[in-house]
Amino acid sequence: MEVEVNELMAVRLEKLEELRRRGIDPYGGRFDQTHLSSQVKNHYETLEGQEVALAGRLVAKRGHGKATFADILDSQGRIQIHARLDILGKENYDLFTRLDIGDIIGVRGSVFRTRRGEITVEVKEFRLLCKSLRPLPEKWHGLKDVDLRYRQRYLDLIANPEVREVFILRSKIIRAIRRFLDDRGFLEVETPTMHTIAGGAAARPFITHHNALDIDLYLRIALELHLKRLLVGGLERVYELGRIFRNEGISTKHNPEFTMLELYQAYADYHDMMRLLEEMLAYVTRETLGTMVVQYQEETLDFTPPWPRLTMFEAIKKYTGVDFKEIPDAQAARAAAEKLGLELEPGLNKGKIINEVFEAFVEPHLIQPVFILDYPLEISPLAKRKADDPTLVYRFEAFVAGRELANAFSELNDPIDQRERFEAQLKERAAGDEEAHMMDEDFLCALEYGMPPAGGMGIGIDRLVMVLTNSPSIRDVILFPTMRPRDNEDKV
RNA sequence: GCGCCAGUAGCUCAGCUGGUAGAGCAGCUGACUCUUAAUCAGCGGGUCGUGGGUUCAAAUCCUACCUGGCGCACCA
């Protein structure tokens, strides 16, 4: 690709050539860091006067004739360095002043504190490790253009320190989740991302093709059905933290690929899952934020267990005054929903109508962590039927900040019932519902061998990270969110 | 998919009752050995998102398209 050279790049390319003429490799080699910027800053008392070696990107430069201050940025943050003509000698000092903002350098020198109190490294020697050819974003305002921030996240990370903090926190959250589950005897596993049947959720899949087998494959839309096969196989506590792909719209809450945690525990039920989730969130918030009280946008969220438990019928009654428990069929449910002002597409069954009412009138109110229990059977084809009401299942969703945080059931382990559920889904698919589940004979076969009763749960990791990092958009917690590609010609 | 908003120098932004395109940072030249948004003096830098149209004249008005943001719809 031909690189369009603007004036700023031309100047840097000329400096690059000059360095090469002087026998200096502008792209350096390995460099032994003795310390990170944070270590120098946090242990000044013991390091004062000591020699340290730091490496990082030059992000600011303040020249004063025969001396120059500069800031370098490493993985831990910024630290000031100071270069003096009388220490470096003319040739090296000139080289230092010719460095550009953006260049990556290694410096060796002694630690001191300036008159104004800033911990600084007095450069004794330095080495260019990488010449930067493009100018960085503006130092004070950073990079604002969201298009560029997402497309060129590396610039976002250099220019906007709070972005780095979000992704560091994301990593800590995931680490805490792993530790929590590992400590409870859960086994982390990996299952296929390419499926011959896209199952475990209601969503449109991406389709790809395997040449050697000459078959189409689906990118997975859920982890569920393979993890349950592992319960059949006797791995009694399993979890997977994995990427899921759904071929649907993009919004502040949706990215086509996102990260899901699913876990399954044999001999447990959905009440155990509620307790597990409460404990997990208490642990994760304490470990990563040091508190169970989290500020998210305008709301203060308190994750301290236990969270309230409310059946879906109770929740709907609370916010609409209508008791759908007393409503006998789809026709009556539709009438009640429309009376509340909801517009419904034709042909919905009772369970779907109840869910529509719930999403429209209840979900937005669910700010503090809460469990909503006992979902309609029709929208829950993989959950165990309730013993005292066969139209409902042992399922809950946890909500926080008006959005779904987790979805869990007592897992359906009756293969006969499961087959009937799949068949009902097939009818919906035939009737035009592209998101209805597909039949999965192999999964049914596994169930027929026998799956222990189990509790299972799915947690959208990106949305959890959004809440814990106070990020308004899912794109703020995904390093490289899906974007429409741009023509190379448009790039500078 | 629909609606609203935005796109001007490498970056952050002004300019929009039509009349030769501006600032700050960054860059270049010079001065300056404790600055930290360093300072001071000077200089260079633009297919004004793209294509049509109206007009003597378009960054500015109209139109289509491209890209993005937000909201709605979709998303068990």
Side-chain angles (χ1 to χ4, degrees), chain A residues 4-12 14-15 59-71 78-88 93 98 100-102 112-120 122 132-152 155 158-159 200-204 221-222 246-256 258 343 345 348-349 351-352 354-356 358-359 375-383 393 395 397 404 407 409 425 428 433-437 458 472-473 475 481 483-487 489-492:
Chain A
E4 191 182 326
V5 178
N6 64 36
E7 183 201 342
L8 298 172
M9 282 184 73
V11 168
R12 289 174 180 228
E14 171 50 35
K15 287 181 180 175
V59 288
K61 210 169 68 162
R62 299 175 289 280
H64 294 268
K66 296 185 182 65
T68 297
F69 287 97
D71 297 338
R78 285 177 175 232
I79 189 163
Q80 179 167 267
I81 62 176
H82 187 231
R84 292 168 55 144
L85 173 62
D86 55 4
I87 291 176
L88 288 175
Y93 184 73
R98 297 275 289 161
D100 282 303
I101 289 172
F112 76 108
R113 203 188 273 275
T114 65
R115 243 175 250 161
R116 298 278 187 90
E118 174 128 2
I119 293 164
T120 304
E122 183 65 65
S132 169
L133 299 180
R134 291 176 184 265
L136 286 178
E138 205 244 6
K139 63 182 175 186
W140 190 240
H141 298 92
L143 186 65
K144 290 253 174 70
D145 185 324
V146 284
D147 191 21
L148 293 182
R149 286 186 48 219
Y150 296 147
R151 287 182 197 278
Q152 295 178 274
L155 289 182
I158 293 168
R204 259 176 279 186
I221 58 173
R246 294 188 181 174
N247 205 340
E248 284 156 5
I250 293 176
S251 79
T252 48
K253 292 175 195 162
H254 300 86
N255 196 63
F258 59 100
E343 284 181 37
E345 54 182 289
L348 296 181
N349 58 42
K352 283 194 175 173
I354 291 170
N355 193 51
E356 294 277 335
F358 175 78
E359 288 183 357
Y375 277 61
L377 177 97
E378 302 95 314
I379 60 168
S380 316
L382 302 168
V393 294
R395 170 184 177 184
E397 289 190 347
E404 178 191 337
N407 179 24
F409 340 126
Q425 290 289 309
E428 301 219 359
D433 185 352
E434 283 185 64
E435 287 163 1
H437 286 55
S473 167
R475 296 175 147 199
M483 301 288 280
R484 192 184 294 277
R486 291 185 73 166
D487 295 338
E489 288 159 314
D490 285 354
K491 292 187 75 176
V492 179

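All heavy atoms count here, side chains included; hydrogens, waters and symmetry mates do not. All chains are named by letter (A, B, ...) in the order of the sequence lines, taking the proteins before the strands, and each is independently numbered beginning at 1.
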- Electrostatic pair A:K139:A:D71 at N-O distance under 4.0 angstrom: no
- Message: Using a heavy-atom cut-off of 4.0 Å across all strands, would you classify A:E248 as base, sugar-phosphate, or nothing?
- Response: sugar-phosphate
- Item | Side chain proximity check, A:F358 to A:P376, heavy atoms < 4.5 angstrom | no
- When only distance counts, do a donor and an acceptor, one from the side chain of A:E7 and one from the base of B:rG44, lie under 3.5 Å apart? yes
- Message: Work out how far the P atom of B:rA57 is from that of B:rC11, and round it to whole angstrom.
- Response: 32 Å
- Considering just the side-chain nitrogens and oxygens of A:T252, establish if one lies under 4.0 Å of OP1 or OP2 belonging to B:rG71. yes
- When you compare B:rA14 with B:rA6, how far apart are their C1' atoms, in angstrom units rounded to a whole number? 15 Å
- Message: Between B:rA58 and B:rG19, how far apart are the two C1' atoms, rounded to whole Å?
- Response: 10 Å
- Item | Close side-chain approach of A:Q152 to A:L143, heavy-atom, < 4.5 Å | no
- Task: Answer whether the closest heavy-atom distance between the side chains of A:H82 and A:T114 falls below 4.5 Å.
- Result: no
- Any idea which heavy atoms bring A:E122 and A:R84 closest together, and the distance? OE2-CD, 3.3 Å
- Task: With P as the reference atom in both, quote the distance from B:rC70 to B:rU35 in angstrom, rounded to an integer.
- Result: 43 Å
- Item | Whole-Å gap separating P (B:rC70) and NZ (A:K253) | 12 Å
- Among the nucleotides B:rC28, B:rC74, B:rU35, which one has an atom lying closest to any side-chain atom of A:R204? B:rC74
- May I ask you to test the A:R395-A:I379 pair for a side-chain heavy-atom distance under 4.5 Å? yes
- Message: Could you write out RNA chain B as dot-bracket? Rules: Watson-Crick or G-U wobble, both distances under 3.5 Å, brackets [ ] for crossings, | for pairs with another strand, dot for unpaired.
- Response: (((((((..((((.....[..)))).(((((.......))))).....(((((..]....))))))))))))....
- Message: Need one value for A:E435: base, sugar-phosphate or nothing, where a base atom within 4.0 Å counts as base even if backbone is also close, heavy atoms only.
- Response: sugar-phosphate
- Query: Between A:E359 (CD) and B:rA73 (C1'), how many Å, whole number?
  - Reply: 13 Å
- Message: What's the gap between B:rC4 and B:rA23 when it is taken at their C1' atoms, as a whole Å value?
- Response: 30 Å
- Checking only heavy atoms, does the side chain of A:E118 share a donor-acceptor pair with the base of B:rU35 at less than 3.5 Å? no
- Query: Roughly how many Å is it from CD1 in A:I101 to C1' in B:rU36, rounded to a whole number?
  - Reply: 12 Å
- Could you measure between the two C1' atoms, the one in B:rG24 and the one in B:rA38, and give it in whole Å? 15 Å
- Query: Looking only at atom C1', what distance separates B:rU39 and B:rC56, rounded to whole Å?
  - Reply: 49 Å
- Message: Please pick, from B:rG10, B:rC28, B:rU36, the nucleotide with the shortest atom-to-atom distance to any side-chain atom of A:P135.
- Response: B:rG10
- Query: Would you say B:rG68 has OP1 or OP2 under 4.0 Å from some side-chain N or O of A:R151?
  - Reply: yes
- Task: Using a cut-off of strictly less than 4.0 Å, decide whether A:R484 has a side-chain nitrogen or oxygen near OP1 or OP2 of B:rG68.
- Result: yes
- Message: Is there a side-chain contact between A:R116 and the phosphate of B:rU36, meaning an N or O under 4.0 Å from OP1 or OP2?
- Response: yes
- Message: In whole Å, I'd like the distance from the CD1 atom of A:I158 to the P atom of B:rC25.
- Response: 22 Å
- Specify the separation, in whole Å, of atom CG of A:L136 and atom P of B:rC25. 17 Å
Atom pairs under 3.5 Å, N or O on each side, protein against nucleotides 38-41 of chain B: can you list them with distances?
from   : atom 1 : to     : atom 2 : distance (Å)
B:rA38 : OP1    : A:K139 : NZ     : 2.1
B:rA38 : N7     : A:G63  : O      : 3.2
B:rA38 : N6     : A:G63  : O      : 2.4
B:rA38 : N1     : A:H64  : ND1    : 3.3

- Does A:E118 reach the side chain of A:F69, with side-chain heavy atoms less than 4.5 Å apart? no
- Query: Can you find a donor-acceptor pair, distance only, under 3.5 Å between A:N6 side chain and B:rA9 base?
  - Reply: no
- CZ of A:R204 to CG of A:N247: how many Å apart, nearest 0.5 Å? 7.5 Å
- Message: If I take atom CD in residue A:E345 and atom P in nucleotide B:rA76, what distance separates them, rounded to the nearest angstrom?
- Response: 12 Å
- Give, for atom CG of A:N355 and atom CG of A:L348, the distance between the pair rounded to the nearest 0.5 Å. 10.0 Å
- Query: Which nucleotide in the set B:rA76, B:rU29, B:rG68 lies at the smallest distance from any side-chain heavy atom of A:R98?
  - Reply: B:rU29
- Message: With heavy-atom distances below 4.5 Å as the criterion, would you say the side chains of A:R134 and A:M9 are in contact?
- Response: yes
Under 3.5 Å between N/O atoms: give me all the protein pairs with nucleotides 12-14 of chain B, atom names plus distance.
from   : atom 1 : to     : atom 2 : distance (Å)
B:rU12 : OP1    : A:K144 : N      : 2.9
B:rU12 : OP1    : A:D145 : N      : 2.8

- Query: Rounded to whole angstrom units, what separation is found between the NZ atom of A:K66 and the C1' atom of B:rU35?
  - Reply: 16 Å
- Write down the distance between CG (A:L85) and P (B:rC34), rounded to a whole number of angstrom. 13 Å
- CZ-CG distance between A:R149 and A:L155, expressed to the nearest 0.5 angstrom: 11.5 Å
- Query: So do A:E356 and A:E345 actually touch side chain to side chain, heavy atoms under 4.5 Å?
  - Reply: no
- Query: Which of these nucleotides, B:rA76, B:rU33, B:rG27, is closest to any side-chain atom of A:I379?
  - Reply: B:rA76
- Task: Provide the distance between the two P atoms, one in B:rC16 and one in B:rU60, to the nearest whole Å.
- Result: 13 Å
- Have a look at A:Y93 and say if it touches a base, only the backbone sugar-phosphate, or nothing, with a 4.0 Å heavy-atom cut-off. nothing
- Steps toward salt bridge (Lys or Arg N to Asp or Glu O under 4.0 Å) verdict (A:K61, A:D100): CA-CA 8 Å; A:K61 210 169 68 162; A:D100 282 303; 5.7 Å; no
- Task: State, with a plain yes or no, whether a side-chain heavy atom of A:Y375 is found less than 4.5 Å away from one of A:I354.
- Result: no
